[in-house]
Amino acid sequence: MNIKLSDIEKTNLYKAKKIKIELPETPLRYYRHGWQSWSLAAWTEVSSPLPIQKPHILHPYQTDAVYSLEEDPHGSWLGAVEFSNGKVLILGALSTDTHVFLKGNQLEGRSEADEAEWLCAYGDEDSVFSEYTALLGKRFGITRKPVSPRVWCSWYGFYSYITERNLIQTIDLLDDLPFDAIQIDDGWQKDIGDWEPNEKFPSGMASMADKIKSTGRTAGLWLAPLLISNSSTLFADHEDWVVKDKTGKYVTTGFNVWGHNIYTLDVTHPDVISWLVDLMSRVRRWGFDYIKLDFLYGGAMNGVRHARIPRELAFRNVLSKIREALGEDAYLLTCGVPILPALGLCDAIRIGPDVSHLWEDYLFENLLQNFSTPSARNAIRTVVNRLWLKPLVHVDPDVEYFVEKENELEEEHKSQLQDLALICGFKATSDLPQWMTRQEREKLAGFLKATPKIGKIGRYKYKIDERVVDFSEAVELAKPPRGFALILRAVIGWAGNFKVIFNLFLALDNVKKKRRIGMRHLG
Ligand code: 9PG
């Protein structure tokens, strides 16, 4: 289907497998919307398009691998362009399994499935995005929970070095801080796929949930239920549940964060679905009512599945079974999740990459122009650019920091994270009470209690009560490297594609993490 911008009165809906809108002039900027939580969402300059993301080994982790090598500006489900008159044209799908490209002076939407429904709207940025949001809400549904809980999450405090003993100590020290939920993150399980407590949790998960609930809070638990490690018992027992590609090779769901090869379960396999349903019921029986499901993109990756249905639809179907098994009364946060297919089926979505106690990561951001790796700045950029999702679902910007210990963020950067969380209306931290000074503890308590009035005054500018906050600097994308840095980038980008080198890099990162939380600090 071919349309001209002049055909678009204000708002139009079309049904097509492929739709092309001819633009009267080359737009100034393109709004690129990444596939899953950690993928970049940003307005990019059409005159200097972003290069193909490096290193390639990270593509399955950070992008929709099907489109990772596309050179034209592109994104998942929607794309928007900004013209010299400041007006914005949005092309947004109301169906899963769709992708948008900017090819010269054409905005093009494509569906991997059958005909998709598309919204084209032209006008003021906020109003065209609101029109899209309103239609998405009608088609996909919105969260029914009025507010999101204030969460203490274990990840950035303990990483996977969490133990029952340290957690109990932390819970006790959180004492009267106004958290509604305490969520145990990665590190409690036997293996990816074997969702039973490991030897660091000798009392078991029901006992941990009881401990949390005895403080009057909701117990939360992290799982990556769609992933499977080749080291797990699940893999040994059910190798046939794993998604393979057309040549019969396992689809790699990323590199081996947990020290093994990580694959993904076939979410269309009836036995996998029953296994997932059982798992969700077990977690509820243990006593967890706040559930963070992570690395969900695995369920929508390209591959051969039992049922031949479009990959994102397959994922949406299984998420709806998961939701049903958890029950509407559970609070479900999805993470590492393809955004559109999750709408209406969860209460909150992580809408950016991981934060970190570092503002930026020179190697990834400046040299490789990779904006999906953990850093405070990367998180802020993508979250600010995804705030249009707020009317549909609670938007999780990841955690905020308050303590100075083992944290390299400047006060100003910590404040930016905190302000963004106030704007999102989703508050969380992993700061260890063991590390807090009295003032830091008071600051955190004040933040958790605050309910300011939020107003938007520009693309990146907000008002929090009477205070103006501006994220314009944070969202800027690092310019492509020049001179020697360009050579360095080529070498590092190339070297990073070798598993051995990448694993070495990961091992070093782990040493740093372990040192940072060093159990010596915990007494
Ligand atoms: C637990 C964490 C936390 C965090 C999630 C997710 O290697 N990686 O590319 C990578 C990306 C994200 C990530 C971990 C590793 O973080 O966002 O909040 O739950 O998993 O493992």
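The shown structure was predicted, so the numbers you read here are calculated from the model rather than taken from an experiment.
Ring centers of W38 and F295: under 6.0 Å apart, within the cut-off. The distance between the ring centers of F364 and F505 falls below 6.0 angstrom. A centroid separation of less than 6.0 Å is found between the aromatic rings of H33 and W388.
Of the N and O atoms on the side chains of D354 and Y156, at least one donor lies less than 3.5 Å from an acceptor on the other residue. With 3.5 Å as the limit, one finds a donor-acceptor pair spanning the side chains of S68 and T63. A donor-acceptor contact under 3.5 angstrom links the side chains of N370 and Q62, judged on distance only.
When atom types are taken as modelled, the side chain of R150 and the backbone of D180 share no donor-acceptor pair closer than 3.5 angstrom. Without hydrogens or angle criteria, Q183 side chain to C153 main chain gives no donor-acceptor distance under 3.5 Å. Although no hydrogens or angles enter the test, the distance criterion places no donor-acceptor pair under 3.5 Å between the side chain of D465 and the main chain of P452. When atom types are taken as modelled, the side chain of R377 and the backbone of A474 share a donor-acceptor pair closer than 3.5 angstrom. Of the possible polar contacts, one joining the K427 side chain to the A450 backbone as a donor-acceptor pair under 3.5 Å is found. Looking only at distances, no side-chain donor or acceptor of T264 sits under 3.5 Å from a matching main-chain atom of T253.
By the 4.5 Å heavy-atom criterion applied to side chains, L265 and W275 are counted as neighbours. Proximity of V243 to M301: side-chain heavy atoms (C-beta onward) are nowhere separated by under 4.5 Å. Within the 4.5 Å cutoff, the side chain of L276 has heavy atoms near those of the V318 side chain. For the pair S214 and D210, the minimum side-chain heavy-atom distance is 4.5 Å or more.
Scored by the side chain to side chain contact (heavy atoms under 4.5 Å, CB included) test, S207 finds S203 as partners (sequence neighbours excluded).
Relative ring orientation between H99 and Y67 is described as parallel, the plane-to-plane angle staying below 30° on a 0-90° scale split at 30° and 60°.
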